[in-house]
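Here the structure is a predicted model, which means the values were calculated and not measured.
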Amino acid sequence: MVRERPARRDDLRRSPRNPRAEWLDRLRDIYSDEIPAAKILTATDPEALTVLGSMQDMPKVPRWHRGRMVLVGDSAHAPSSSSGQGASMAVESAVELARCLRDIPAPEAAFTAYERLRRARVEKVIDRGAKANTTKTLGPFAKTMMRLTLPILTRTLLNPERTLGPEQRHTINWKAPAP
């Protein structure tokens with residue numbers, strides 16, 4: 001069944017190259033049966049939208065602590081949502097920070113140790129997520145090539161256990177003292 005939609009005030013401003021209007025149309029189609037989303041989207045002017053792309057990378061934070069204040073989780077190291085690692089990285093950081101606070105009496109020294117222990121690992125995950133984001137925005141030719149080659153690559157070179165296993169099996173030895 002094709003649903004006819006009522007004319008909207010932004011119909012006149014539409015052009016084939018207006019990503020804001022195209023994105024808003026997609027949202028309106030997806031949420032047409034949802035209340036209040038449909039009402040909000042119907043009242044939204046496409047020129048009020050900011051279209052940034054499908055994934056955004058947060059800049060790396062140069063320092064995770066100052067004085068008695070420390071950043072943990074996404075405030076210190078926000079991986080791309082494409083990595084699927086945000087919550088687990090935050091939990092890992094909380095455990096590592098707890099170890100450091102348990103074993104190092106001075107908070108600032110504990111925070112320095114926590115950052116030293118975590119930074120290399122979280123930046124590796126952040127960099128992998130950023131790299132994955134660029135492959136998700138391929139052009140038509142590259143998308144076709146990926147569709148053709150990915151099944152072969154996943155059976156041979158891109159074994160998920162080999163490529164993601166070390167990242168997914170990361171452990172923190174709670175009983176070991178923080179260095």
Side-chain angles (χ1 to χ4, degrees), residues 1-64 69-95 97 118-119 121-155 158-161 163-165 167-170:
M1 176 176 148
V2 176
R3 184 184 313 170
E4 296 242 350
R5 64 170 198 207
R8 294 188 293 257
R9 61 189 156 109
D10 59 334
D11 285 342
L12 296 175
R13 283 187 281 185
R14 246 178 253 289
S15 74
R17 301 188 61 90
N18 185 342
R20 293 175 181 177
E22 291 170 14
W23 184 241
L24 188 56
D25 277 343
R26 289 180 66 193
L27 290 172
R28 286 172 175 159
D29 290 340
I30 292 168
Y31 295 105
S32 63
D33 296 329
E34 302 289 330
I35 298 173
K39 289 181 181 179
I40 292 169
L41 291 168
T42 299
T44 300
D45 181 346
E47 298 308 311
L49 295 179
T50 302
V51 180
L52 299 172
S54 58
M55 297 282 177
Q56 295 298 311
D57 297 323
M58 298 298 293
K60 294 176 182 171
V61 178
R63 187 171 172 168
W64 295 3
M69 186 277 308
V70 65
L71 302 175
V72 181
D74 282 0
S75 63
H77 48 73
S80 167
S81 58
S82 68
S83 72
Q85 293 294 305
S88 62
M89 299 299 287
V91 170
E92 286 177 17
S93 289
V95 170
L97 177 59
R118 294 296 295 152
R119 186 174 283 278
R121 172 164 166 70
V122 300
E123 288 191 356
K124 182 178 177 182
V125 172
I126 289 168
D127 292 344
R128 185 180 60 76
K131 186 176 179 182
N133 289 350
T134 60
T135 63
K136 291 179 180 183
T137 56
L138 301 172
F141 175 75
K143 286 180 183 177
T144 301
M145 292 305 296
M146 286 290 283
R147 233 183 347 266
L148 295 172
T149 59
L150 202 54
I152 297 165
L153 291 173
T154 55
R155 287 192 302 269
L158 297 179
N159 178 306
E161 175 57 30
T163 57
L164 298 175
E167 186 175 294
Q168 300 294 320
R169 287 190 311 274
H170 178 76

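Under the rule for a side chain to side chain contact (heavy atoms under 4.5 Å, CB included), the partners of Asp74 that lie at least two apart in sequence or sit in another chain are Ala78, Pro79. With sequence neighbours left out, Arg169 forms a side chain to side chain contact (heavy atoms under 4.5 Å, CB included) with Glu161, Pro166.
Considering every non-hydrogen atom in both Arg28 and Thr42, the closest pair reads NH2-O, 3.6 Å. Nearest approach of Ala38 to Ser32, heavy atoms of both residues: CB-O, 3.6 Å. Minimum interatomic distance between His77 and Ala90 (heavy atoms only, all atoms of both residues): CE1-N, 4.2 Å. Counting all heavy atoms, side chain and backbone alike, Pro62 lies closest to Arg119 at O-NH2, 3.2 Å. Contact between Leu41 and Leu27 at its shortest, heavy atoms only, is CD1-O, 3.4 Å.
Between atom CD of residue Gln85 and atom CD1 of residue Ile126 there is a gap of 11.0 Å, rounded to the nearest 0.5 Å.
The number of heavy-atom neighbours closer than 6.0 Å to CD1 of Ile35, taken from other residues, nucleotides and ligands shown, is 12 or below. Counted within 6.0 Å of NZ on Lys60, heavy atoms from surrounding residues, nucleotides or ligands total more than 12; the atom is thus considered enclosed.
Looking only at side-chain heavy atoms (C-beta outward), Arg20 and Glu47 come within less than 4.5 Å of each other. Counting only heavy atoms from C-beta outward, the side chains of Trp64 and Leu97 never approach each other to under 4.5 Å.
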